[in-house]
Amino acid sequence: MRSVMLTVREVCGQLALAKPDSILAAIRSGELIATNISSGPGRATWRIDPADLETFLANRRAVPAVKNVKTPRRHKLENVIEFF
């Protein structure tokens, strides 16, 4: 059995967004998978599967940057003359 589909307003409520613009933009770009359940021309009526919303959020998570590990400096050899 499929889970209950969410409206754009419900998704906005879950994500604490005041306006649905960013959700609708993600749907238009194909970044967020949604189903248009309207039957005719005019405004689309979108429904979002909670699993697709979780995938969308997982793809947008920030990944912490890996710190650059410094390699230890080489010790100068006593009998070597550096030309550079």
Side-chain angles (χ1 to χ4, degrees):
M1 183 175 178
R2 292 203 52 114
S3 58
V4 177
M5 303 284 270
L6 303 169
T7 65
V8 173
R9 285 185 189 256
E10 290 171 336
V11 171
C12 288
Q14 287 184 7
L15 301 178
L17 298 172
K19 295 183 180 181
D21 298 343
S22 58
I23 298 300
L24 293 172
I27 292 170
R28 274 194 269 0
S29 71
E31 193 176 0
L32 174 60
I33 298 170
T35 303
N36 182 4
I37 63 167
S38 64
S39 60
R43 179 183 271 180
T45 305
W46 296 107
R47 295 293 182 267
I48 299 131
D49 190 309
D52 292 330
L53 178 60
E54 286 301 318
T55 302
F56 168 73
L57 293 175
N59 290 338
R60 300 197 96 202
R61 279 195 181 95
V63 178
V66 177
K67 292 183 179 180
N68 290 339
V69 178
K70 292 185 178 182
T71 56
R73 294 186 112 185
R74 293 189 299 174
H75 298 287
K76 291 184 179 181
L77 300 175
E78 294 179 19
N79 298 333
V80 175
I81 300 172
E82 292 186 14
F83 294 99
F84 297 96

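Start at 1 with the first residue, then count along the sequence. Every value quoted in this text rests on a predicted model; they were computed, and no experiment measured them.
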Flag side-chain contact, heavy atom, 4.5 Å: Arg47 against Leu6 |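 In short, these two side chains do not touch, never coming nearer than 4.5 Å.
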
Looking only at heavy atoms, what is the nearest atom pair of Ile33 and Ile48, with distance?
->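 Here Ile33 and Ile48 meet closest at O-CG2, 4.0 Å.
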
State, to 0.1 Å, how close Val8 and Pro20 come at their nearest heavy-atom pair, and which atoms those are.
-> CG1-CB, 3.6 Å

Under 3.5 Å, which donor-acceptor pairs link side chains of residues 53-64 to any protein atom two or more places apart or in another chain?
| from | atom 1 | to | atom 2 | distance (Å) |
| --- | --- | --- | --- | --- |
| Thr55 | OG1 | Ala51 | O | 3.0 |
| Asn59 | ND2 | Thr55 | O | 3.3 |
| Arg60 | NE | Glu31 | OE2 | 3.0 |

Hey, is the main chain of Thr45 close enough, under 3.5 Å, to the side chain of Asn36 for a donor-acceptor pair?
-> yes

At what distance, to the nearest 0.5 angstrom, does CH2 of Trp46 lie from OG1 of Thr7?
->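 If we round to the nearest 0.5 Å, Trp46:CH2 and Thr7:OG1 are 13.5 Å apart.
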
Same apolar cluster (I L V M F W Y, side chains within < 4.5 Å links), Leu32/Met5 | no

By side chain to side chain contact (heavy atoms under 4.5 Å, CB included), Leu17 pairs with (sequence neighbours left out) Cys12, Leu15, Ser22, Ile23

